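Please read the structure below before turning to the comments.
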Amino acid sequence: MSITANEEFKPKIVAFCCNWCSYAGADLAGSSRLVYPADVKIIRVPCSCRVNPMFILHAFEKGADGVILCGCHPGDCHYSTGNYYARRRMALLFSMLDYIGVEHGRTRVEWVSAAEGVKFSQTMNEFVAKITSLGKNVRLEDLRCRK
Amino acid sequence: MQEMINRAKELLSDGTVNRVLGWRRGDMSYNPEPSYFETAEDLDANFVYNGFCGANLSKYMIEGSKLEGKTLVFLKPCDSYSFNQLIAEHRVDRDKAYIIGVGCMGKLSFEKIKEQGVKGITNITIDDANENITVETLYGEKTLAYKDCMLERCHVCKGKEHQIFDETIGESRDTKDADRFAEVEKIEAMSPEEKFAFFQNELSRCIRCNACRNVCPACSCRKCVFDSTKFDSAQKANVDSFEERMFHIIRAFHVAGRCTDCGECSRVCPQGIPLHLFNRKFIKDIDEFYGEFQAGVDPEAKSPLTSFTFNDVEPGVTGGRR
Amino acid sequence: MQRIGVFVCHCGSNIAATVDVKKVVEMVSHEPGVVHAEDYQYMCSEVGQAKIIEAIREKHLTGLVVCSCSPRMHETTFRKTAERAGLNPYMVEIANIREHCSWIHKNMEEATEKAVILARAAIAKVNLDAPLFPGESRVTKRALVIGGGIAGIQTALDIADAGYEVDIVEKTPSIGGRMSQLDKTFPTLDCSACILTPKMVEASANEKIHLYTYSEVEKVSGFVGDFTVDIRKKARSVDMSKCTGCGVCQEKCPSRKTPSEFNRGLNTRSAIYTPFAQAIPNVPVIDREACIKFKTGKCGLCQKVCQAGAIDYEQKDEIVTEKYGAIVVATGFDTIKLDKYDEYAYSQSKDVITSLELERIMNAAGPTKGHLERLSDGKHPKNMVFIQCVGSRCSDKRGKSYCSKICCMYTAKHAMLIRDKYPDVNVTVFYIDVRTPGKNFDEFYRRAVEDYGVNYIKGQVGKVMPQPNGQLLVQGVDLLDNKQILMEADMVVLATAIEPNADVRRIATMLTASIDTNNFLTEAHAKLRPVESPTAGVFLSGVCQGPKDIPETVAQAGAAAVKAIGLLAKDKLMTNPCTAKSDELLCNGCSQCANVCPYGAISYETKLINDHGIREDRRVAVVNSALCQGCGACTVTCPSGAMDLQGFANRQILAEVDAICR
Amino acid sequence: MFKIAKSKLPELLKAIAAQQELFLPVNNNGQVNFAAWFEGCNADIETLKTVKSPKDMFFPQSETLYTVKKEQHKLSVEPQALADQNFVAFGMKACDIQGIKVLDKVFLAEPVDTFYRARREHGTIVALACHEPEESCFCKVFGVDCAEPDADVVMWNANDTLYWKAVTDKGTALTEALSGVLENADAADEKAVETEQENIRAIVEKLPYTNLSLEGWNGNVTEEKFNSPVWEKLYKPCLACGTCTFVCPTCQCYDIKDYDTGHGIQRYRCWDSCMYSDFTMMAHGNNRTSQMQRFRQRFMHKLVYFPANNDGMYSCVGCGRCVEKCPSSLNIVKVIKAFEKEAANHE
């Protein structure tokens with residue numbers, strides 16, 4: 001399956017959002033009617049530290065084209081320290097993905113507070129644009145999941 | 001070696017230890033196996049310590065800690081890091097071990113010997129100075145430089161200081177002659193396409209035998225997440241696809257900050273996959289991002305992934321690129 | 001397999017205008033486990049909820065998916081709805097098709113497709129949901145306050161006032177703390193003792209308050225509502241029930257060479273002593289290190305002169321074990337050691353002193369009976385130099401990175417008091433910035449400058465050089481005039497940085513309360529939960545949490561008390577059921593999870609485990625659901641997947657991912 | 001008999017590949033494994049042993065059995081097509097061919113494994129006699145003659161020449177199709193092959209394990225061997241990895257699992273290892289709970305249970321891969337020797 005230039009590529013994007021800041025930020029983006037592409041689907045987690053690298057790889061395996069993790073700004077974690085752990089975990093995971101040849105930018109972490117509806121929407125617009133430019137994820141998918 | 005046997009016999013006979021964990025002479029020159037010894041006779045007849053005793057006995061002490069009484073365990077300098085790390089994780093019992101740190105001249109790789117065109121080995125002798133090894137084969141005799149036959153890990157040795165021991169026996173030799181991160185840096189410098197092609201090719205050989213995992217002292221889980229139904233990750237398929245990458249990335253991630261870089265994974269891989277390249281990448285990143293950290297030096301130290309600072313680097317900053 | 005009902009809300013036109021709700025209903029009805037799907041104008045309305053209840057009853061639903069607005073809006077509503085119909089409230093999942101879908105997408109086809117996917121993810125999650133039940137734990141209606149300074153006293157008074165028993169544990173022989181050492185207080189110049197002493201008396205007289213002075217917390221176990229604490233009552237060598245506080249023993253004691261802690265070592269005290277005249281309890285203690293009787297076995301003078309027969313050389317430390325529902329930490333502060341700041345000649349000259357020492361010198365009960373004089377020769381000083389920020393706002397490792405907050409104000413106070421009492425003394429203050437945010441603070445500082453003629457110089461002092469003639473030569477810089485300054489001084493006062501009491505580390509470890517790199521206790525949330533520790537049931541009062549002046553300390557003490565009272569007022573605690581849970585069969589006992597738990601909710605037990613026929617003692621993690629807040633940090637740290645989070649289980653999140661990616 | 005200069009190997013391979021799918025030992029970064037031929041691939045017929053045995057040409061490590069698709073409320077099952085393309089397995093050694101015979105006993109017996117049978121029927125085996133046997137080889141112990149493999153075509157590698165002899169109809173058919181590249185052999189060549197065989201057999205006699213005795217190992221010693229105290233000592237170094245099973249040419253155990261592709265379920269089977277703790281895990285738990293039991297199972301199966309059910313045929317062929325690859329240097333030879341020693345001690 002190859003994506004030809006004129007065939008419109010609709011990326012599959014999974015966004016993990018922490019319940020206290022980023023999910024609320026996404027809610028605010030919604031109530032402020034700040035448009036971003038429907039390709040982004042949000043999964044609510046209590047804290048960014050709940051996101052296991054396996055979830056991210058699993059998403060890619062099953063055909064996601066981009067995965068973004070949003071949490072409270074460092075220092076503002078509802079659980080005080082969760083996002084600090086998440087930050088280390090993701091820094092290492094992303095570096096490893098880069099190392100094995102996954103295109104830079106397929107994964108992203110963004111800190112979005114409950115007040116940052118605009119930032120949430122902007123981030124998602126940017127991320128979708130980035131993933132669209134990168135095209136389909138072929139390096140991390142399990143071929144069996146192709147249709 | 002005789003000194004080790006003598007000391008082991010002493011400790012057995014005076015009741016300090018109930019058994020000895022060491023290496024048993026194999027039926028070939030190159031295949032000694034990790035083994036327990038309980039009698040002086042057995043030690044005299046079968047105990048061996050030489051360049052082929054690469055196996056890291058720390059991992060065996062997980063089970064050894066459950067046995068009655070103390071076990072005398074011989075640890076090479078690099079093995080002692082693993083033992084310390086296992087103490088930190090409550091997987092071995094310090095009080096159940098009597099540790100003799102043994103010297104190390106660098107360990108030999110059967111693969112490296114065979115790579116040099118050796119077939120039909122009937123005997124291997126190592127000279128006293130550990131400079132050369134003489135391989136007698138069905139097709140003639142060959143002398144090889146010891147250095148050329150060493151395991152990759154010995155060329156990037158962390159040093160011959162034991163991190164934990166009750167006493168030490170034997171001399172060591174500095175075998176480091178390469179930069180530990182040189183290979184990682186080489187890959188980091190590749191384009192994404194080259195990187196991907198490199199790892200895809202290496203991992204295409206993976207047969208999911210789990211030797212890397214089962215030999216790894218950091219992979220000490222009672223049940224690996226890849227064997228468990230808890231995570232929907234239990235898959236044994238060997239499809240030329242994402243499976244292996246998932247396994248090796250997650251394995252490296254799970255041992256990140258805990259891996260002492262003992263090199264056992266690469267030693268045992270039947271397909272010669274340089275698995276240490278995964279672990280060493282994380283070690284390099286941890287050093288770069290969070291300050292130098294060597295697992296297994298201090299059992300009290302908090303692992304880099306269970307600690308943090310307020311201004312750690314943001315994800316997306318990639319090791320080796322800055 | 002669950003029997004799932006899916007309820008799609010129109011939210012008037014909020015959802016229905018962009019999402020084809022009928023289509024969503026049709027599409028989700030084919031999903032595994034879905035036995036009922038319907039849509040309605042307003043699901044959250046009485047009628048909408050009635051529809052849900054009816055469907056639960058008629059179709060015997062075991063799980064609900066409501067496709068509606070954000071769960072932050074109505075998750076609680078629909079959970080209650082489910083509960084009313086006899087369904088476990090945690091069998092409800094919300095697909096947010098309003099904020100995350102209809103409101104941000106314009107194209108109906110696209111929005112409908114996304115709504116279906118979000119619904120599928122919620123269905124996949126509810127398929128793996130299990131009923132959850134909040135736990136209950138009892139509350140011991142008694143509070144412990146660690147530290148008997150103004151913070152601890154105020155907290156205890158407030159808690160006692162609400163009718164609860166409260167114990168104060170104070171390390172020193174008397175309550176009172178730092179405030180008792182102060183002479184006057186800013187910005188009103190009240191006498192510190194005059195306002196503190198009544199509080200001390202009140203605390204000791206209050207029958208709800210029990211004082212453990214000369215005592216320390218030895219061990220803490222348990223958790224919110226149910227702490228068990230061992231308190232070590234150090235041997236006073238004086239029977240508190242017999243002592244009348246007459247003070248004769250102290251007068252007669254022949255060992256008088258011990259530096260007085262209370263007077264910061266500026267003078268000495270006897271071996272048997274009360275720290276200060278107004279001490280509470282007014283019962284002396286024998287300093288066994290200094291006492292001749294204890295050192296040589298001879299003497300025993302105090303026993304001879306004690307009419308009440310209160311002296312007891314045989315007394316031993318005693319461990320008291322008490323139960324508490326809440327613990328308030330009020331361990332206060334100390335000034336930093338100045339050994340790394342030798343450029344100010346603190347160790348070389350008796351006339352270079354800290355501000356706290358100046359407080360004692362200015363105090364009528366102090367070593368100089370309140371006369372301002374040089375400690376080296378007893379002479380009245382003519383020129384005094386105050387140096388600000390000694391160890392505060394320090395960028396290098398020697399000092400503290402933070403602002404100690406109180407120094408600007410007390411220095412203004414000192415300058416003003418000196419100029420008021422001794423108009424002949426010239427006072428110069430070297431400062432980096434003068435910080436006066438507080439009610440009447442800036443006015444106070446301006447008075448010092450404008451009415452009392454204190455000479456403020458913006459700039460730092462590089463060096464204080466003691467001269468052979470006993471004078472001090474101060475070398476500094478005036479940043480505003482951009483010039484070097486060299487001036488003579490008779491006394492130099494260092495506004496020394498404050499730091500948390502050294503004991504706080506030990507106490508934090510016992511309480512599993514976290515501390516920051518400066519050893520200040522961390523609050524649960526910097527803005528919204530400033531007096532609570534992340535460890536449930538532990539509250540923070542006073543400077544142990546961060547630098548504060550007296551009014552702020554008292555305010556925080558009250559706030560901590562209110563939080564503790566709020567806890568003690570409950571008979572039982574309902575715990576959040578979305579907590580971590582460890583699978584004993586998979587647990588390695590490696591302690592990694594406990595290392596990342598911010599609440600100290602994870603402990604380890606050695607248990608006999610039957611692992612498919614293999615029976616062995618294993619070290620396994622146990623989560624205290626009363627403490628766990630459900631962040632999930634432990635679940636990712638756990639390599640074997642033994643630790644999972646109820647309500648957000650690994651398999652549930654993976655199922656959501658699958659539903660989105662397929 | 002035919003022959004071809006070794007220098008012309010690429011041409012031979014290309015000619016075969018033009019006829020049928022071709023699998024052969026390919027060197028990938030120093031490791032040689034059977035793989036599909038492609039133009040310019042690093043074909044390696046000099047390395048004696050591939051890391052993995054060639055059994056996965058007939059019994060792949062993973063293969064889909066069928067796929068279930070879901071359309072709304074309807075489920076449909078799509079069967080997996082059987083192999084229907086002829087292929088050549090080039091360069092298999094005698095021991096590995098014996099391994100396939102062991103697999104035949106398992107998979108071609110009733111009920112027949114149709115996936116396996118299809119591959120067997122479509123496969124032509126071109127064997128290569130072992131030019132220079134190695135110290136870990138002990139095929140002779142199991143009656144295998146590595147100088148004369150039993151295959152559709154046999155090749156000998158000597159004097160920079162590949163000698164080619166068709167044995168079966170399949171082999172003859174392939175040979176005929178290759179008439180353009182193969183040269184006819186003459187009497188001198190026949191002689192050269194004989195010499196090569198003699199050389200091989202002479203070396204085999206000198207191999208350290210050649211005289212390994214299987215005395216006491218047969219289908220009738222289940223209880224005696226099963227209850228032996230030797231296992232308890234022997235298994236200790238075993239790390240419970242699956243290396244020995246996965247490089248073994250005769251291990252045939254597999255697991256059946258489902259994979260959720262998001263748009264259906266693929267039911268697949270994949271090699272399993274009796275060394276793994278979840279091997280034969282059932283709802284009630286596991287019938288082997290300790291590593292000793294799992295370790296014992298593997299060797300009892302090879303040397304006792306299999307001969308018991310297959311007219312005395314051992315399910316070890318002496319390829320020696322486990323000797324070289326076990327991370328703990330444990331292997332079937334050490335097991336056999338340990339029992340021998342134990343027996344000697346008793347006498």
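Order of the sequence lines fixes the chain letters, A, B, ..., with proteins taken first and strands second; residue numbering starts at 1 for each chain. The shown structure was predicted, so the numbers you read here are calculated from the model rather than taken from an experiment.
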Structural part of L97(A) lying under 4.5 Å from a heavy atom of chain B = side chain
request  = Locate the shortest heavy-atom distance separating M96(A) from A252(B); write the atom from each residue and the value.
outcome  = CE-CB, 4.5 Å
task = Let me know if P74(A) has heavy atoms under 4.5 Å from chain B in its side chain, its backbone, both or neither.
result = side chain
ask   = Any side-chain heavy-atom pair from I100(A) and K195(B) closer than 4.5 angstrom?
value = no
message = Salt bridge check, E193(B) against R139(A): does any charged N sit closer than 4.0 Å to a carboxylate O?
response = yes
request  = Evaluate the side-chain contact (heavy atoms from CB on, under 4.5 Å) criterion for residues Y99(A) and D285(B): first the C-alpha distance (whole Å), next the side-chain angles of each, then the deciding distance (0.1 Å), finally the verdict.
outcome  = CA-CA 11 Å; Y99(A) 180 70; D285(B) 280 353; over 6 Å; no
request  = Kindly compute the distance separating CD1 (I283(B)) from CG (L92(A)), expressed to the nearest 0.5 Å.
outcome  = 11.0 Å
inquiry  = Is it the case that atom NZ in K186(B) sees more than 12 heavy atoms from other parts of the structure closer than 6.0 Å?
reply    = no
request  = Could you look at S191(B) and say if it's the side chain, the backbone, both or neither that has a heavy atom under 4.5 Å from chain A?
outcome  = neither
task = Could you pull out the closest heavy-atom pair between F94(A) and P315(B), with the gap in Å?
result = CD2-CB, 3.7 Å
request  = Flag this pair as yes if the NZ/CZ of R87(A) is under 6.0 angstrom from the six-membered ring centre of F308(B) and inside a 45 degree cone about the axis; otherwise no.
outcome  = no
ask   = Contact part of F199(B) toward chain A, heavy-atom cut-off under 4.5 Å: side chain, backbone, both or neither?
value = side chain
request  = Compare all side-chain heavy atoms of R89(A) with those of F253(B) and state whether any distance is below 4.5 angstrom.
outcome  = yes
query = What part of F198(B) gets closer than 4.5 Å to chain A, counting heavy atoms only: side chain, backbone, both or neither?
reply = neither
key: Interatomic spacing from OH in Y84(A) to OG in S307(B) - rounded to 0.5 Å   = 13.5 Å
key: Residue L305(B) versus chain A: region with a heavy atom under 4.5 Å   = both
key: Close side-chain approach of I250(B) and P53(A), heavy atoms under 4.5 Å   = yes
query = Should we count CD of E185(B) as having more than 12 external heavy atoms under 6.0 Å?
reply = yes
ask   = Going by heavy atoms in the side chains, are R88(A) and Y290(B) under 4.5 Å from each other?
value = yes
key: Heavy-atom check, side chain of E110(A) versus side chain of E314(B), under 4.5 Å   = no
note = The reported gap from CZ in F289(B) to OG in S95(A) (rounded to nearest 0.5 angstrom) is 4.5 Å
